[in-house]
Engineer: 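Mind having a look at this structure? Questions to follow.
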Amino acid sequence: MSGFLTENEIKHTAETLINVYKIDRNLLIKFIGTDKYKQMNRMLGDLKEGKMDDYQLARMIVLEKGMFLFAGSNDTVRDLRTLLLKQLKNDVLIHLYGRNPISNRNIQSPTYMPKALASKRWVMGGRWARDFVQTLGFPLAFSGISIPKDHSTDPVQDIEPRKAVPLLVEYQKGLKKRMLSVLNKEQKKTRCVVTLPTGGGKTRVAVESFIDWMQPRFNEGKYLLWIAQGEELCEQAISCITDMWQEREFPESLRVYRYFGGKTIKNESLIGGAVISSIQQLYSRIQSNDEALNEILANCGAMIIDEAHHATTKSYELLFNKCKELAGEDLFPICGLTATPGRGNEETMNLVNQFEAYLIHPELPDMKRYQLNPLLYFREEGYLAEPIFLLHENGEEIEVADYIDDVHDDVSNEFLYELANNEKRNLQIIEYMRSIPLGGSSLVYSCTVEHAKFLAMIMNSIGRKSAVISADTPKPIRRMHIAAFKNGDIEFLFNYGVLTTGFDAPKTNHILICRPTSSIILYEQMVGRGLRGEKFGGTEYCKIVDFSKNIKLHGEPLAYARFINDWQIRDVRNIGEEDISEILQIN
């Protein structure tokens, strides 16, 4: 059974709610809220879609709630469960209650059974959930049993040898050769920064290089410490390490430690291996003087810092000081990974200078030609998709000088909230998305979580399958939605604050940036999700649509302008509503 509702399951459920159980429209509206419902109908009116009928409303709610339609304990869900149970025949209801009795309550009359059962604790995949949906004639998926299990809960994992993976391409082989050369020459004094564009395979190259170099050291009880910025990147690193270790012909297994997400490593499980951690976890464990971390740092054989532009923060300063205390002033090899567009990138050079590191970048053929724009090589060779950059120019110019977050030097949450509630802007966004041909894969970066939910509801209401992922989305549901997006079951995947790193959907052909930002790093991370080229399983080109052209910071354009310049985007177009259909047919 798939982890995402099929079209037949969606249609059957909506029809059953409306035609069989005659669910009241007012109860359905409670699922989204009266104000949101009115806002949606205004939007649908502007789109000339007309007001939703009961079936369309039910279908939209089924899409929004997914397998959690009957789950939870809020009043609206309990009212829905109660109303459904009340319509069962008495003998069916009595048997259902007999199989699922309420503790410490001896209910004999079927009149009181619906409300009691509706208040019964709902456990996804539990006996009561399964019995409820089957008795009422809904697809078994709504009991929750289809949700993929979380296999990443164990803090310790042993990776067995042997698994075939694609070979490195030429420029990746060159990077690996130079990394190993520096490691063998400098040994524990190695300091290097590896720069490779997003989608160029920097994780793969780093893992293969350090796995080869560390393999004999693992047997000595040494650790490879891989540091990432969040759980998605941590799991991505583990997946890559797993593939690479199994691809090699090493006779022994490799122990991997999940040192993130609050997981605890016991001292007796420490035998050397790869430790994957977030910097947040390391910072917290250093402050609590965690014994396992002290053991790992004292015997660290090498450290890799993904997204190394973060390595100048106080969290890393605390980490390096702790490492010197436990491992000595010389420390161990330290390698930073960063995705930057060119050799002279300011952030990269600052990082190189601060750590007195070797800068390792791809050696490309005809370096003179590609010196000013090395990304041209990756696009011409099909390693990166060709970006087609579309700037949506409708709307009044907005100055954000008074809406800056001083901590992150970016537009503030207050400003993003205002944009999220701008109905005219939302109409422009929806009109563009509606014009995208059926069957595409569009990743949408929204202004807020509620903004993502609202846009997804509109698209679902007009028959375009959409889902939302945020930091609060449970991991199994997040994986389910991402898998459905990759498989083409979802056309639009909306998100806020996630899916900028550690997310891989090579066939994404539209990146829609609805949230403005002045951070070039964040911007490159967002658009990078759609720039994997055909040689790496991606697409020939990717349309990047930015809705921020009319937003200025101190009179200057936001990060998209620097991205266009740094990446030397050759195809940049200003579009208005009248141009959408024509541009969508190009290429």
Side-chain angles (χ1 to χ4, degrees), residues 171-172 174-214 223-230 233-234 236-237 240-241 259-260 274-283 297 300-324 327 330-362 374 500-502 519-522 524-525 528:
Y171 76 82
Q172 292 174 327
L175 279 174
K176 178 183 175 182
K177 182 178 179 180
R178 286 188 290 281
M179 289 177 71
L180 289 175
S181 175
V182 171
L183 279 165
N184 290 325
K185 176 183 177 182
E186 299 292 337
Q187 295 294 322
K188 66 169 57 178
K189 294 184 179 181
T190 296
R191 304 289 181 268
C192 63
V193 173
V194 177
T195 174
L196 197 59
T198 296
K202 65 183 188 305
T203 300
R204 162 71 191 279
V205 175
V207 166
E208 184 164 333
S209 302
F210 274 84
I211 284 292
D212 284 359
W213 194 77
M214 282 292 299
Y223 298 91
L224 170 63
L225 178 57
W226 186 290
I227 306 174
Q229 291 300 309
L233 280 175
C234 287
Q236 184 187 62
C240 189
I241 290 170
Y259 202 62
F260 56 89
V275 179
I276 316 302
S277 183
S278 64
I279 185 59
Q280 297 88 349
Q281 189 83 105
L282 292 174
Y283 182 80
L297 296 181
C300 187
M303 177 189 292
I304 296 179
I305 304 172
D306 200 3
E307 304 295 331
H309 48 270
H310 292 287
T312 57
T313 63
K314 289 185 177 180
S315 298
Y316 278 96
E317 182 181 352
L318 179 68
L319 172 62
F320 294 143
N321 288 337
K322 189 67 174 179
C323 289
K324 290 177 182 178
D330 287 343
L331 294 178
F332 33 72
I334 300 175
C335 177
L337 308 180
T338 184
T340 52
R343 295 176 59 184
N345 182 268
E346 183 179 347
E347 286 89 352
T348 300
M349 296 314 299
N350 288 342
L351 195 65
V352 168
N353 293 334
Q354 178 170 347
F355 290 96
E356 298 180 357
Y358 285 85
L359 176 60
I360 301 177
H361 55 79
T500 54
T501 56
S519 168
I520 184 61
I521 292 173
L522 174 60
E524 287 177 354
Q525 289 171 339

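From a predicted model like this one, the values you see are computed outputs, not experimental measurements. Excluded from the calculations below are hydrogen atoms, water molecules and symmetry mates; all remaining heavy atoms, backbone and side chain alike, are included.
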Engineer: After noting the C-alpha distance and the side-chain angles of Ile227 and Ile304, does the key distance pass the side chain to side chain contact (heavy atoms under 4.5 Å, CB included) rule?
Structural biologist: CA-CA 6 Å; Ile227 306 174; Ile304 296 179; over 6 Å; no
Engineer: Could you give the distance from CG (Leu180) to CZ (Arg178), rounded to the nearest 0.5 Å?
Structural biologist: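 The CZ atom of Arg178 is 11.5 Å from CG of Leu180, to the nearest 0.5 Å.
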Engineer: With rounding to the nearest 0.5 angstrom, report the CD1 to CZ distance, Ile279 to Phe260.
Structural biologist: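 One gets 14.5 Å once the value is rounded to the nearest 0.5 Å.
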Engineer: How far apart are the closest heavy atoms of Met179 and Ser209, and which atoms are they?
Structural biologist: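 Heavy atoms of Met179 and Ser209 come nearest at SD-OG, 3.7 Å.
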Engineer: Please give me the minimum heavy-atom distance between Ser277 and Leu225, naming the atom from each residue.
Structural biologist: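 Of all heavy-atom pairs spanning Ser277 and Leu225, the closest is CB-CD1, 4.4 Å.
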Engineer: Using a 4.5 Å cut-off on heavy atoms from C-beta on, say whether the side chain of Thr338 contacts that of Val193.
Structural biologist: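 SC-SC contact between Val193 and Thr338 confirmed.
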Engineer: Out of curiosity, Glu307 CD to Leu337 CG, how far, rounded to the nearest 0.5 Å?
Structural biologist: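 Separation between the atoms: 8.5 Å.
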Engineer: Looking at side-chain heavy atoms only, is the closest gap between Tyr171 and Val205 below 4.5 Å?
Structural biologist: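 The answer is no, as the side chains (C-beta and beyond) never meet within the 4.5 Å cut-off.
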Engineer: Do any N or O atoms from the side chain of Gln172 and from the backbone of Gly200 form a donor-acceptor pair under 3.5 angstrom?
Structural biologist: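 Yes, Gln172 side chain to Gly200 backbone: donor-acceptor pair under 3.5 Å.
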Engineer: Given 3.5 Å as the limit, does a donor-acceptor pair link the side chain of Arg191 with the main chain of Gly336, or not?
Structural biologist: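 No, Arg191 side chain to Gly336 backbone: no donor-acceptor pair under 3.5 Å.
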Engineer: Are any of the side-chain heavy atoms of Met303 and Phe332 separated by less than 4.5 Å?
Structural biologist: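 Yes, close enough: below the 4.5 Å cut-off.
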Engineer: Answer whether the closest heavy-atom distance between the side chains of Thr190 and Cys335 falls below 4.5 Å.
Structural biologist: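 Counting from C-beta outward, Thr190 and Cys335 never come under 4.5 Å.
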Engineer: Counting C-beta onward and ignoring hydrogens, is there a side-chain heavy-atom pair between Cys234 and Tyr259 closer than 4.5 Å?
Structural biologist: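 No - every pair of side-chain heavy atoms lies 4.5 Å or more apart.
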Engineer: Do Thr195 and Ile360 come within less than 4.5 Å of each other through their side chains, counting heavy atoms only?
Structural biologist: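 No - every pair of side-chain heavy atoms lies 4.5 Å or more apart.
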Engineer: Within a radius of less than 6.0 Å around OH of Tyr283, do more than 12 heavy atoms belonging to other residues, nucleotides or ligands occur?
Structural biologist: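 No.
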Engineer: Under the criterion side chain to side chain contact (heavy atoms under 4.5 Å, CB included), I'd like the reasoning laid out for His361 against Leu196: C-alpha separation, chi angles, the key distance, then a yes or no.
Structural biologist: CA-CA 7 Å; His361 55 79; Leu196 197 59; over 6 Å; no
Engineer: Would you name the heavy atoms of Cys300 and Ala302 that are closest together and state the gap between them?
Structural biologist: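 Result for this residue pair: SG-O, 3.3 Å.
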Engineer: Looking only at non-hydrogen atoms, find the nearest pair between Asp306 and Ala228 and report the distance.
Structural biologist: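 Shortest heavy-atom separation between Asp306 and Ala228 comes out as CB-CA, 4.4 Å.
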Engineer: Quick one: does any side-chain atom of Ser181 pair with a main-chain N or O of Lys177 as donor and acceptor, under 3.5 Å?
Structural biologist: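 Answer holds: no.
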Engineer: Taking the side chain as everything from C-beta on, heavy atoms only, tell me whether Trp226 gets closer than 4.5 Å to Ile305.
Structural biologist: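 Not in contact.
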Engineer: Distance from Leu297 atom CG to Lys322 atom NZ, nearest 0.5 Å?
Structural biologist: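 Leu297 atom CG to Lys322 atom NZ measures 8.0 Å (nearest 0.5 Å).
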Engineer: I need the Cys323 SG to Ile334 CD1 distance, nearest 0.5 Å.
Structural biologist: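 Going from SG on Cys323 over to CD1 on Ile334, the span is 7.0 Å.
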Engineer: Are any of the side-chain nitrogens in Lys176 or Asp212 under 4.0 Å away from the carboxylate oxygens of its partner?
Structural biologist: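 A salt bridge is present here (some side-chain N lies under 4.0 Å from a carboxylate O).
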Engineer: The test is side chain to side chain contact (heavy atoms under 4.5 Å, CB included); show your working for Leu282 and Tyr316 and say whether it passes.
Structural biologist: CA-CA 9 Å; Leu282 292 174; Tyr316 278 96; over 6 Å; no
Engineer: Are Pro333 and Glu186 close enough that some pair of their side-chain heavy atoms sits under 4.5 Å apart?
Structural biologist: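 Heavy-atom side-chain distance check fails, nothing below 4.5 Å.
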Engineer: Take Lys324 and Leu331, measure what side chain to side chain contact (heavy atoms under 4.5 Å, CB included) needs, and give me the verdict at the end.
Structural biologist: CA-CA 6 Å; Lys324 290 177 182 178; Leu331 294 178; 3.7 Å; yes
